[in-house]
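Read the structure below first, then the notes.
It should be emphasised that the depicted structure is a prediction, and the values quoted were computed from it without experimental measurement. All ligand and atom numbering here is 1-based and tracks the order in the structure. Count residues from 1 along the sequence.
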Amino acid sequence: MTELAVRNSIEPNSIVGESLEHYIAEYERCGEPQVVSFRDKCPWIKGTDRYTHLIHRYTAKLLPHIPTFFLASSICPSNATILDPFAGSGTVLLEGMLQGHRVLGIEINPIARLIAKVKTTVFNTISLQEAAEDIIKSISLSTHDPEIPDFQNRDLWFSKKVQKGLAKVKAGIETFQDESIRDFFWVCYSSMVRRVAFADPRISPPVVLKPEKFDSNSPAHKKVSRMVEERTNANVETLFALTLQEFIKRFRRLEEASKVRELGSAEVVWDDALNLNMAPIKEKGLLAKAAARMFPLDSVDLVITSPPYMNAQKYARSLRLEWYWLGLGSYDEFRAMDASMIGTERMTCDEYGELKTVGHAVADEFIENVFSRDKHRARLMANYFDDMRTSFTELFRVIKPSGHFVIVVGNNRVLKYRVPNNQILTDLATQEGFRVRLMVIDEIKSRGLMTKRNTTADVIPAEWIIVFRKPSTTDGA
Ligand SMILES: C[S@@+](CC[C@H](N)C(=O)[O-])C[C@H]1O[C@@H](n2cnc3c(N)ncnc32)[C@H](O)[C@@H]1O
């Protein structure tokens with residue numbers, strides 16, 4: 001048995017190590033991107049309902065097969081330090097930990113940090129079960145009138161009955177003693193919010209359910225009316241109890257895996273990929289920034305990440321209702337978080353009146369073309385490429401010499417222009433000092449990335465995976 005096969009004796013990953021070497025050799029020989037189906041490469045991963053991956057919905061989650069492939073390949077040493085600087089809901093963190101590595105995550109959205117942290121915690125599920133029974137009992141016995149959080153359009157999104165139910169469960173979680181289990185409860189609670197809101201479940205950012213949009217005799221009208229009725233009368237306490245049981249089942253899988261092999265560790269350490277530091281994570285994904293320290297230089301063996309897409313995704317807005325119910329802050333604080341994201345659409349008109357270019361010929365041509373039709377979008381593109389360049393500078397600083405950087409990108413459209421992000425981001429990374437080892441195209445099987453309402457960006461038909469290496473100190477220029 002190879003070393004990889006021993007290390008991953010539960011899952012036959014040894015095959016993929018050989019495949020990566022093969023693709024790199026082919027890429028070196030012909031210079032053409034290699035077409036790889038990551039699903040076919042990791043056939044033991046059946047669907048995405050694996051361990052705790054599905055505890056919470058999240059926009060543009062990475063297919064777990066992609067990190068699994070690279071984590072088990074020759075570019076990933078044993079017991080490696082892995083970093084995902086755009087960790088989202090923690091797909092890379094969980095897969096890296098399952099393969100025995102130490103994985104660090106950075107993520108701007110506290111709800112995503114909370115999900116990633118909980119998703120990668122190996123709980124004792126007997127204790128979880130006891131805690132679940134305790135909290136359900138204490139919520140049902142509570143006679144207090146809980147405070148209902150006040151936020152914009154609250155009554156548009158939730159019936160009075162549901163508001164009371166959510167407030168009651170929230171109050172119950174707040175009084176629970178153990179912080180780690182409290183975070184487990186918060187994720188469980190947050191995962192329920194959209195299920196009881198008058199929001200269309202098929203669309204990622206909240207959009208109000210409106211039966212009147214359909215012909216009154218149509219099946220669609222009936223279906224949406226039924227959803228509105230169910231959500232008006234939803235019993236939040238019962239739903240919370242059921243969700244806890246669903247969660248415990250998923251966490252049992254992780255606990256069982258930890259008994260048969262040595263898992264690594266996963267930690268969410270910081271919020272901003274533009275300025276890498278580390279700080280301890282507290283409750284609800286918040287960071288103790290007063291205790292921040294520098295992210296050590298030359299310390300990471302492998303970065304695997306899928307960065308935000310330019311204007312194609314509404315990462316923050318998709319979790320707006322959960323933000324309020326988790327008590328993470330006011331509307332202004334939510335907007336500030338959204339505005340700090342790479343690829344954000346939030347900016348004032350004084351910010352985008354002037355043309356801004358980024359010093360990359362292809363990117364600047366696109367930016368200038370877009371500027372003539374839509375100044376806001378042109379500035380968004382320029383900021384996006386500028387920020388991605390800064391994030392590459394940061395990554396170059398923390399990756400070890402000879403370490404690798406794997407990035408997953410899509411070429412989305414801005415107005416009528418299909419932007420070659422793969423080419424532009426590759427150039428920006430090589431300008432920082434990285435060297436390209438391999439380019440791969442994976443066909444995206446699911447087209448669920450975009451909302452139908454979005455007219456300024458489109459479905460991203462294929463994903464590019466680019467593998468870079470940071471030169472070693474002895475490499476020639
Ligand atoms: C494509 S998603 C990553 C999804 C993730 N791989 C998963 O499977 O859940 C990109 C992420 O980048 C985050 N992000 C945006 N700007 C950021 C920044 N400046 N620093 C760190 N994360 C950022 C977004 O919040 C989003 O979660």
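- Any N or O atom pair closer than 3.5 Å counts here, and Thr59 shares no such pair with ligand 1.
- Looking at atom 16 (N) of ligand 1, its nearest protein heavy atom turns out to be Ile342 N, 3.0 Å.
- Side-chain contact annotation: Glu333 with Ser330, donor-acceptor N/O pair under 3.5 Å present.
- Between Ser306 and ligand 1, a contact under 3.5 Å exists for at least one N or O pair.
- Looking from atom 2 (S) of ligand 1 to the surrounding protein, the closest heavy atom is Tyr315 CE2, 3.6 Å.
- Between Ser37 atom OG and His65 atom NE2 the span is 8.0 Å, to the nearest 0.5 Å.
- Below 3.5 Å of separation, one finds no N or O of Asp84 facing any N or O of ligand 1.
- No side-chain donor-acceptor contact under 3.5 Å links Gln423 and Thr426.
- Atom 18 (C) of ligand 1 has Asp272 OD1, 3.7 Å as its closest protein atom, hydrogens excluded (heavy atom only).
- For Lys356 and Asn383, the side-chain atoms include at least one donor-acceptor pair closer than 3.5 Å.
- The residue Asp387 has no part lying near ligand 1, judged by heavy-atom distances below 4.0 Å.
- In terms of protein heavy-atom proximity, atom 25 (O) of ligand 1 is closest to Glu107 OE2, 2.6 Å.
- In this structure, atom 14 (N) of ligand 1 lies nearest to the protein heavy atom Ile108 CG2, 3.7 Å.
- Listed by atom number, the atoms of ligand 1 under 4.0 Å from Pro307 heavy atoms are 1 (C), 10 (C).
- Annotation: the span from Arg113 atom CZ to Leu93 atom CG amounts to 13.0 Å, rounded to 0.5 Å.
- Scanning the protein for heavy atoms near atom 20 (N) of ligand 1, the closest one is Ala273 N, 2.9 Å.
- The part of Pro85 lying near ligand 1 is the backbone, judged by heavy-atom distances below 4.0 Å.
- Applying the 4.0 Å criterion to heavy atoms of Ser89 picks out, from ligand 1, the atoms 7 (C), 9 (O).
- Side-chain polar atoms of Trp186 and Glu283 form a donor-acceptor pair below 3.5 angstrom.
- Rounding to the nearest 0.5 Å gives a distance of 11.5 Å between CD1 of Ile115 and OG1 of Thr52.
- Atoms of ligand 1 lying under 4.0 Å from any heavy atom of Ala60, numbered from 1 in the order shown and given with element: 1 (C), 4 (C).
- Between the side chains of Glu95 and His53, at least one donor-acceptor pair of N or O atoms lies under 3.5 Å.
- When each atom of ligand 1 is checked for a heavy atom of Asp271 under 4.0 Å away, the hits are 20 (N), 21 (C).
- Annotation: atom 5 (C) of ligand 1 to nearest protein heavy atom, Ala87 O, 3.5 Å.
- Taking the six-membered ring for Trp and thresholds of 30 and 60 degrees, Phe158 and Trp325 have ring planes more than 60 degrees apart, a perpendicular arrangement.
- Across all non-hydrogen atoms, the minimal contact from Phe184 to Leu244 is CE2-CD2, 3.8 Å.
- Counting heavy atoms closer than 4.0 Å to ligand 1, residue Phe86 contributes atoms from both its backbone and its side chain.
- Per-residue contacts place Thr91 under 4.0 angstrom from the following atoms of ligand 1 (heavy atoms of the residue considered): 7 (C), 8 (O), 9 (O).
- Ring geometry for Phe434 versus Phe405: interplanar angle of 30 to 60°, hence tilted.
- Note that the OG1 atom of Thr121 and the CG atom of Leu254 stand 8.5 Å from one another [nearest 0.5 Å].
- In terms of N/O distances under 3.5 Å, ligand 1 is not approached by Lys61.
- Phe123 and Phe251 have perpendicular rings, their planes meeting at more than 60° on a 0 to 90° scale where under 30° would count as parallel.
- Backbone and side-chain nitrogen or oxygen atoms of Ala112 are examined, and none is located within less than 3.5 angstrom of a nitrogen or oxygen of ligand 1.
- Using a 4.0 Å cut-off to heavy atoms of Tyr58, the atoms of ligand 1 that qualify are 9 (O), 25 (O), 26 (C), 27 (O).
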